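Working notes, beginning with the structure itself.
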Amino acid sequence: MTRFPHLRQDFTASLVVFLVALPLCVGVAVASGVPAELGLVTGIVGGLVTGLMPGSTMQVSGPEAGLAVLVFETVKEFGLPALGVIVLVAGLLQLAMGALRLGRWFRAISVSVVQGMLAGLGLVIIVGQLYMAAGLKAPVSGIDKILGLPGAAVAALGSTEARTSLAVGAGSIAVVVLWKKLPKKVRIVPGSLAAILLAALATHAFGLPVATVEVHGLLGSVQPPGTDGLAALGNAAILGPIFAFALIASAASLFGAAAVDQLHDGPRTDYDKELMAQGAGNAVCGLLGALPMNAVVVRSAANAQAGAKTKVSRVLQAVWLLLFAVLLPSALALVPLPALAGILVHSGWKLIPFRGIVTMWRAHRGEAFILVVTAASIVTLNMFEGVLIGLALSVVKTAWEASHVKMEAIDKGAGPIQAYLSGNATFLKLPKILDSLEALPLDRPIVLNLSGLHHLDHACRTALENWAERHSAADTEPVKVTA
């Protein structure tokens with residue numbers, strides 16, 4: 001026991017995390033359009049591989065709802081055999097970034113972009129799972145899903161099976177929401193697991209006509225990359241999802257680490273080592289043809305709040321997932337799909353930072369604009385392009401705000417007019433600078449003082465020199481520029 005002084009606390013926490021992770025692993029896999037068992041494989045690897053590596057003590061890794069959208073799009077475009085190769089290369093890219101000590105730089109990504117990414121993913125998950133809750137086939141693109149909702153609602157209302165399926169999904173959401181209000185002893189069982197158990201019981205007891213999870217078996221679902229998957233590397237378009245998986249999974253894991261570190265008194269996260277741990281886990285998931293992983297805040301928070309002290313808890317929760325997948329695989333066939341859809345709708349709702357949007361709008365409307373545009377771009381285009389648009393807007397906004405420049409003109413009535421430029425003169429502020437300078441009199445001597453500038457880029461310097469040459473009237477002393 002001296003080697004594991006906190007085994008009792010870690011054992012208890014591992015059971016809590018297992019109960020939280022089990023329905024989410026299955027639900028994310030189903031939402032991603034892959035066999036449910038692959039979600040369990042990723043959860044197992046997250047504990048047995050990433051869980052043993054240095055980096056973070058409390059973070060628990062596995063499949064996450066936010067990546068389900070990207071996985072679905074990737075499988076649709078490149079096929080399931082290519083998924084393992086994509087995840088493998090993304091994991092190797094994470095390992096390289098960790099080795100180059102780039103982990104800490106992910107903390108510099110704008111909060112508005114991150115929250116916009118979460119909001120966009122939440123919306124796509126909600127809309128997509130509404131179709132699954134009704135037992136209907138969802139359109140491919142995010143915008144088509146939204147536009148198709150009225151027609152789907154009409155179709156669902158006209159079908160007894162669809163109405164029954166929706167009722168099961170709505171009931172699951174109600175259980176998850178209301179479960180938090182029950183006594184603490186009851187809440188030992190997570191609300192998501194309770195919702196699935198109750199939905200399965202009701203479906204079986206009343207013979208409800210709802211779809212359930214298809215069971216393929218753990219070994220039957222594992223598909224190591226073969227020639228078909230490797231051949232996909234010849235397609236340049238595959239670079240998009242590779243970078244998307246690597247960057248988004250890394251950002252989500254490292255942002256989550258900062259939040260989870262506030263929930264415990266143990267060692268703080270080493271961001272570079274944690275990035276390498278995530279990379280190693282994704283590389284193994286890729287070799288097994290499973291889903292990509294990242295550290296999941298919900299599971300990590302549950303781990304910390306359940307009293308975990310060491311990495312043992314997250315390793316043990318993976319052992320429980322493995323035992324379930326091996327010993328009770330047929331239990332998955334009892335899980336109603338609309339119940340999983342309801343749980344994912346609730347998860348998607350929690351991804352949308354409603355309070356954060358309101359607070360940001362009041363204090364920083366530019367950041368709020370970036371958040372909304374990022375979310376809208378993810379819904380209408382895809383996750384990768386949406387995040388790139390958000391990052392680009394963030395860079396432009398930062399550059400614009402950094403280009404503060406002020407011009408002050410002092411005219412004492414006699415002698416030259418003294419014009420002082422201060423701040424950062426970049427091409428972004430060039431129109432404002434030139435408008436101010438061209439408003440100065442043409443028939444008076446002018447001294448332009450640049451000593452107050454912290455930065456003067458080439459475009460501004462050239463423009464100022466050209467202005468100085470042509471501004472003064474023919475019989476007036478030329479503009480004098482001093483630095």
Side-chain angles (χ1 to χ4, degrees), residues 19-32 36 39 63-69 72 118-138 142 145-146 148-150 152-157 159-183 186-206 208-213 296-299 301-302 332 334-355 375 379:
L19 295 176
V20 172
L22 177 60
L24 292 177
C25 286
V26 176
V28 171
V30 173
S32 301
E64 206 266 328
L67 285 175
V69 178
F72 183 85
L118 294 176
L121 293 174
L123 288 171
V124 174
I125 289 171
I126 290 171
V127 174
Q129 294 308 305
L130 287 176
Y131 287 90
M132 180 181 286
L136 303 174
K137 184 177 180 180
K145 288 185 176 74
I146 294 175
L149 281 178
V154 172
L157 291 175
S159 168
T160 303
E161 292 184 358
R163 292 198 302 270
T164 302
S165 186
L166 277 173
V168 173
S172 299
I173 296 175
V175 170
V176 174
V177 172
L178 297 176
W179 200 257
K180 299 176 183 178
K181 299 182 180 181
L182 296 178
V186 177
R187 286 187 282 116
I188 293 177
V189 178
S192 57
L193 183 62
I196 285 181
L197 292 175
L198 291 173
L201 181 62
T203 300
H204 180 72
F206 298 103
L208 301 180
V210 298
T212 57
V213 174
V296 185
V297 174
V298 174
R299 288 169 227 177
L332 293 177
L334 302 176
V335 177
L337 289 180
L340 290 177
I343 290 170
L344 288 171
V345 166
H346 181 260
S347 297
W349 182 264
K350 292 194 296 182
L351 286 176
I352 304 174
F354 293 103
R355 292 183 181 178
V379 172

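Computed from a predicted model, the values in this text were never measured in an experiment. In what follows, residues are counted from 1 in the order of the sequence shown.
- When all heavy atoms of L166 and L130 are compared, the closest pair comes out as CD2-O, 4.3 Å.
- Closest approach of V168 to A199, counting heavy atoms only: CG1-CB, 4.0 Å.
- Closest non-hydrogen pair, A36 versus V26, comes out as CB-CG1, 3.9 Å.
- Within a 6.0 Å sphere centred on CH2 of W179, heavy atoms belonging to other residues, nucleotides or ligands number more than 12.
- No more than 12 heavy atoms of other residues, nucleotides or ligands sit less than 6.0 Å from atom CZ of F206.
- The backbone N or O of A152 sits nowhere less than 3.5 Å from a side-chain atom of Y131 that would complete a donor-acceptor pair.
- With contacts defined as side-chain heavy-atom distances shorter than 4.5 Å, the pair L337/V210 does not qualify.
- Between atom CD1 of residue I196 and atom CG of residue L332 there is a gap of 9.5 Å, rounded to the nearest 0.5 Å.
- Nearest heavy atom pair, residue A133 against residue S165, reads O-OG, 2.5 Å.
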Working for side chain to side chain contact (heavy atoms under 4.5 Å, CB included), residues L24 and V296:
CA-CA 10 Å; L24 292 177; V296 185; 5.5 Å; no
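- For the atom pair CD1 of I173 and CG of L178, the computed distance is 11.5 Å after rounding to the nearest 0.5 Å.
- A 4.5 Å side-chain heavy-atom check between V30 and M132 finds at least one atom pair inside the cut-off.
- Put simply, the side chain of S347 does not reach to within 4.5 Å of the side chain of I125, judged on heavy atoms.
- Nearest heavy atom pair, residue P336 against residue T203, reads CG-OG1, 3.6 Å.
- The minimum heavy-atom distance linking A31 with Q129 is given by the pair CB-NE2, 3.4 Å.
- Between V177 and H346, the closest side-chain pair of non-hydrogen atoms falls below 4.5 Å.
- Between L67 atom CG and F72 atom CZ the span is 15.0 Å, to the nearest 0.5 Å.
- The line from CG of L340 to OG1 of T212 is 10.0 Å long, rounded to the nearest 0.5 Å.
- Taking CZ from R299 and CG from L19, the interatomic distance works out to 12.5 Å, rounded to the nearest 0.5 Å.
- For the atom pair CG of L208 and CD of E161, the computed distance is 11.0 Å after rounding to the nearest 0.5 Å.
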